[in-house]
Amino acid sequence: MSERPTRPVTVVTGGSRGIGAAITERLAADGHAVCFCYRTDADAADELVARLTAQGADVVATSADTTVDEDVDRLFETALKLGPLTGLVNNAGVTGGLATLVDTSPDTLRRVVEINVVGYLLCCRRAISLMSQGGTIVNVSSAAATLGSPGEYVHYAASKAAVDAMTIGLSKEVGAAGIRVNGVAPGVILTGIHAAGGDPDRAARLAPNIPLGRAGEPAEIAAAVSWLLSSESSYTTGATIRVAGGR
């Protein structure tokens, strides 16, 4: 196996807002060239690229729906303009809103699985095909995968449990090729996802039930992702790190 490039080139899906933006910012600070995608918020993406570029980072953005094969291909083609691919952070996801399963529409169920599971698989598949010199994949999961999230979003929890299984299986499948696959499972994090799901006060409401007594910050998730993409975690694969304040 030839020597890997000195500058990591990493794709971040859903990288324009919330946890994804924090990951993009942290990796840029760590010296990664970052290509991130967004689906709808071009203004947020442009602002993030402008801010990080002004700081000397090499960051590009492109619109992409990770459930669409052609969009995934375009995303990785854009990333390859930065250099050989070394990393992927699968972060793009949706909760499908807060509701019991019986009150969740079939279309919503299908969309959650398409984005949170099929989208991750498509991006992993494409990244692995490009990592001829080895690489690292980090799948953003959720503490919901083991909590089950009854009365909130069982459908979302189920999709994230699939992500955990994907992480374990792929780590064993591609380890011999020098590709590590790990996950990060956030708990309640202070982002706009709660408002998007219909409960903007959810983080504050749940905070007293979290052992550390507070919701987490996006930067705390980004720190775990950064470590998993670094050489310091070189013997770690098939693991999902729970960053959930003890929840």
Side-chain angles (χ1 to χ4, degrees), residues 12-23 37-41 64-68 72 88-124 137-170 181-207 209-210 215-218 220-222 224-225 240-247:
V12 179
T13 68
S16 65
R17 296 181 296 181
I19 289 173
I23 292 170
C37 72
Y38 62 93
R39 196 165 64 86
T40 58
D41 197 340
D65 182 335
T66 55
T67 70
V68 177
V72 170
L88 164 66
V89 180
N90 264 322
N91 171 72
V94 294
T95 65
L98 293 166
T100 62
L101 182 62
V102 74
D103 289 328
T104 304
S105 72
D107 286 345
T108 296
L109 298 180
R110 292 188 179 95
R111 188 61 178 162
V112 167
V113 172
E114 278 282 312
I115 295 174
N116 296 357
V117 182
V118 177
Y120 275 34
L121 288 168
L122 289 175
C123 288
C124 282
I137 295 172
V138 179
N139 293 320
V140 177
S141 179
S142 171
T146 56
L147 295 173
S149 298
E152 291 191 323
Y153 33 50
V154 168
H155 49 288
Y156 172 75
S159 73
K160 291 302 187 177
V163 170
D164 290 352
M166 178 194 312
T167 297
I168 294 170
L170 271 180
V181 185
N182 292 291
V184 173
V188 179
I189 307 299
L190 292 166
T191 71
I193 197 169
H194 308 292
D199 187 358
D201 298 323
R202 182 172 178 269
R205 178 168 51 80
L206 294 179
N209 297 320
I210 298 171
E217 297 286 347
E220 293 174 302
I221 307 304
V225 172
T240 294
I241 299 175
R242 194 180 192 91
V243 186
R247 190 166 182 261

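- Evaluated for a side-chain contact (heavy atoms from CB on, under 4.5 Å) with R111, the options V113, D107, I115 yield exactly one hit, I115.
- With sequence neighbours excluded, no residue forms a side chain to side chain donor-acceptor pair (under 3.5 Å) with R247.
- Between I241 and N182, every side-chain heavy-atom pair lies at or beyond the 4.5 Å cut-off.
- For the pair T167/S141, no side-chain contact is recorded, criterion being any heavy-atom separation below 4.5 Å from C-beta on.
- For V112, the side-chain contact (heavy atoms from CB on, under 4.5 Å) partners at least two apart in sequence or on another chain are V94, T108, N116, H155, S159.
- Between the side chains of T67 and D65, a donor-acceptor pair is found at a separation under 3.5 Å.
- Summarising the local packing, CZ of R110 is surrounded by 12 or fewer heavy atoms from other residues, nucleotides or ligands at distances under 6.0 Å.
- Side chains of L170 and C124 form a contact here, defined as non-hydrogen atoms less than 4.5 Å apart.
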Legend entry - Verdict with reasoning, T66 to L122, per side-chain contact (heavy atoms from CB on, under 4.5 Å): CA-CA 7 Å; T66 55; L122 289 175; over 6 Å; no
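- Side-chain contact between E152 and T95: absent, with no pair of heavy atoms (C-beta onward) separated by less than 4.5 Å.
- Interatomic distance, Y153 OH to L101 CG, rounded to the nearest 0.5 Å: 15.0 Å.
- Put simply, the side chain of T191 reaches to within 4.5 Å of the side chain of P218, judged on heavy atoms.
- Judged purely by atom type and a 3.5 angstrom limit, K160 has no side-chain atom pairing as donor or acceptor with the backbone of A185.
- Interatomic distance, OG of S149 versus OH of Y156, reported as 8.0 Å (0.5 Å rounding).
- By the 4.5 Å heavy-atom criterion applied to side chains, T13 and C123 are counted as neighbours.
- Heavy atoms from other residues, nucleotides or ligands lying under 6.0 Å from CZ of R17 number 12 at most.
- In this structure, Y120 and V140 have side chains that are in contact, with non-hydrogen atoms separated by less than 4.5 Å.
- Remark: E220 pairs with R214 by the side chain to side chain donor-acceptor pair (under 3.5 Å) rule, at least two apart or across chains.
- T100 approaches G151 most closely through the heavy-atom pair CG2-CA, 4.3 Å.
- Using a 4.5 Å cut-off on side-chain heavy atoms (C-beta onward), V138 and N90 make no contact.
- For the side-chain contact (heavy atoms from CB on, under 4.5 Å) test with T104, the passing option among L109, V154, L98 is L109; the others fail.
- The two atoms that bring A244 and I210 nearest to each other are O-CG2, 3.9 Å, heavy atoms only.
- Rounded to the nearest 0.5 Å, atoms CD1 (I23) and CD1 (I221) are 8.0 Å apart.
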